[in-house]
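See structure below.
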Amino acid sequence: MGLKNSTMRSSPGGVAFEVPVRPSSPGKKVPARLSHTTKNDSKFNKEVIDNKLKEAEKRRKNIQESKIQKVKRFIKTGIKGSRKQLLRERISDKQSKAEQKRKELQEAKIAKMKKLEGITKGRKQFSKEHILEKQRKANERKQVIAAEKIAKAKRLEGARKAKPEKKTSKEDITEKQRKANERRKDIMDAKICKSKKLAGTRKSKKERTNEAILEKQRKADERRQAYSESRLRKIQERQQEARNVNNKFTLLLEQEAKRSGAKAQGTSAIRPMSRRKAKEVINIVSTEMNRMSLRLNKE
């Protein structure tokens with residue numbers, strides 16, 4: 001097929017091309033049409049797949065059985081000898097390790113004993129030298145203390161010899177007695193002043209306590225009076241609320257009597273109330289009653 005012999009012509013929708021088609025050559029074969037295979041003609045239908053799955057399951061079972069038989073045969077023939085050999089090798093390894101550890105411990109003990117012997121010998125020599133040094137120093141200190149005591153005794157003896165003896169007279173004794181009496185009198189005066197101060201402080205404390213008690217009583221009276229006034233105010237408020245509720249309730253009762261048609265005294269002068277107004281009055285009465293009950297429960 002080609003576009004050499006194509007002709008162009010105008011059409012109402014636009015430009016169109018006319019292309020002549022060559023006939024097919026006699027040597028070429030036309031491919032056959034592919035036809036859909038039916039269920040019965042298909043190679044892989046359900047029965048074939050089931051058979052193949054069964055055969056695969058049988059093969060898998062046979063392979064598993066053969067593996068199990070091989071393992072059993074191997075256990076019967078070869079495992080016994082290899083297990084014994086492994087156990088012997090393990091036991092020999094453990095024995096050799098234990099023997100090595102025992103030798104190491106013995107060597108460590110011997111080294112420790114030698115070290116301790118050397119330390120004890122050095123300590124004994126050091127302790128003897130230390131004791132001798134201490135004894136020598138103690139003897140030196142004793143000698144120094146004895147020499148100091150002798151020198152002190154000599155100094156005291158020389159001071160006694162050089163000091164002249166005092167001659168006590170009657171005038172010196174009386175002067176000492178007079179000074180002692182003055183000191184005694186000063187001590188007594190100080191005690192008296194102290195006792196007077198204490199008495200004054202006690203009096204001031206008593207006065208302060210009396211004033212504090214009076215102040216407390218006054219404040220308690222004020223609190224009591226304020227409480228009683230608040231109590232009376234609350235009672236008056238509750239009474240006023242109760243009166244208001246009672247008035248509204250009587251108004252509702254009168255309206256009810258007027259609507260029912262009962263001929264009571266004074267009902268002719270009562271003006272009828274609308275439904276909306278009556279509902280408002282009823283709501284107010286219920287809220288006031290609930291509020292009063294809550295206050296009473298709280299108090």
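What you are looking at is a predicted structure, and each value in this text was computed from that prediction instead of being measured.
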Have a look at N181 and tell me which of R178, R184, K185 forms a side-chain hydrogen bond (donor to acceptor under 3.5 Å, both in side chains) with it.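 It is R184, the one option of R178, R184, K185 that forms the side-chain hydrogen bond (donor to acceptor under 3.5 Å, both in side chains) with N181.
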Pair up each side-chain donor or acceptor in residues 244-253 with any protein partner under 3.5 Å, not counting sequence neighbours, and list the distances.
{"from": "N244", "atom 1": "ND2", "to": "Q240", "atom 2": "O", "distance (Å)": "3.2"}
{"from": "N247", "atom 1": "ND2", "to": "R243", "atom 2": "O", "distance (Å)": "3.2"}
{"from": "T250", "atom 1": "OG1", "to": "N246", "atom 2": "O", "distance (Å)": "3.0"}
{"from": "T250", "atom 1": "OG1", "to": "N247", "atom 2": "O", "distance (Å)": "2.6"}

From [X] atom [atom1] to [Y] atom [atom2], the distance as rounded to the nearest 0.5 Å:
{"X": "N45", "Y": "D50", "atom1": "CG", "atom2": "CG", "result": "9.0 Å"}
{"X": "R218", "Y": "R223", "atom1": "CZ", "atom2": "CZ", "result": "10.5 Å"}
{"X": "K279", "Y": "K277", "atom1": "NZ", "atom2": "NZ", "result": "14.5 Å"}
{"X": "I235", "Y": "R233", "atom1": "CD1", "atom2": "CZ", "result": "11.5 Å"}
{"X": "I110", "Y": "K112", "atom1": "CD1", "atom2": "NZ", "result": "13.5 Å"}
{"X": "K179", "Y": "T174", "atom1": "NZ", "atom2": "OG1", "result": "10.5 Å"}

Is there a side-chain contact between K219 and E215 in this structure, where contact means two heavy atoms from C-beta onward sitting under 4.5 Å apart?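 Answer yes - side chains close enough.
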Count the heavy atoms belonging to other residues, nucleotides or ligands that lie under 6.0 Å from CE of M292, then report whether that count exceeds 12.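 Yes, CE of M292 has more than 12 neighbouring heavy atoms, counting only those of other groups under 6.0 Å.
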With side chain to side chain donor-acceptor pair (under 3.5 Å) as the rule and sequence neighbours excluded, what pairs involving residues 283-293 come up?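 Passing the test, one end in residues 283-293: E288-R291.
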Keeping to residues at least two apart or across chains, list the side chain to side chain donor-acceptor pair (under 3.5 Å) pairs with something in residues 56-65.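 For residues 56-65, and leaving out neighbouring residues, the side chain to side chain donor-acceptor pair (under 3.5 Å) pairs sorted by first residue read E57-R60.
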Salt bridge (Lys or Arg N to Asp or Glu O under 4.0 Å) partners of [X], counting only residues at least two apart:
{"X": "D221", "value": "R224"}
{"X": "R102", "value": "E99"}
{"X": "E280", "value": "none"}

M289-I284 co-clustered via ILVMFWY side chain contacts under 4.5 Å: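 The answer is no; the residues belong to distinct hydrophobic clusters.
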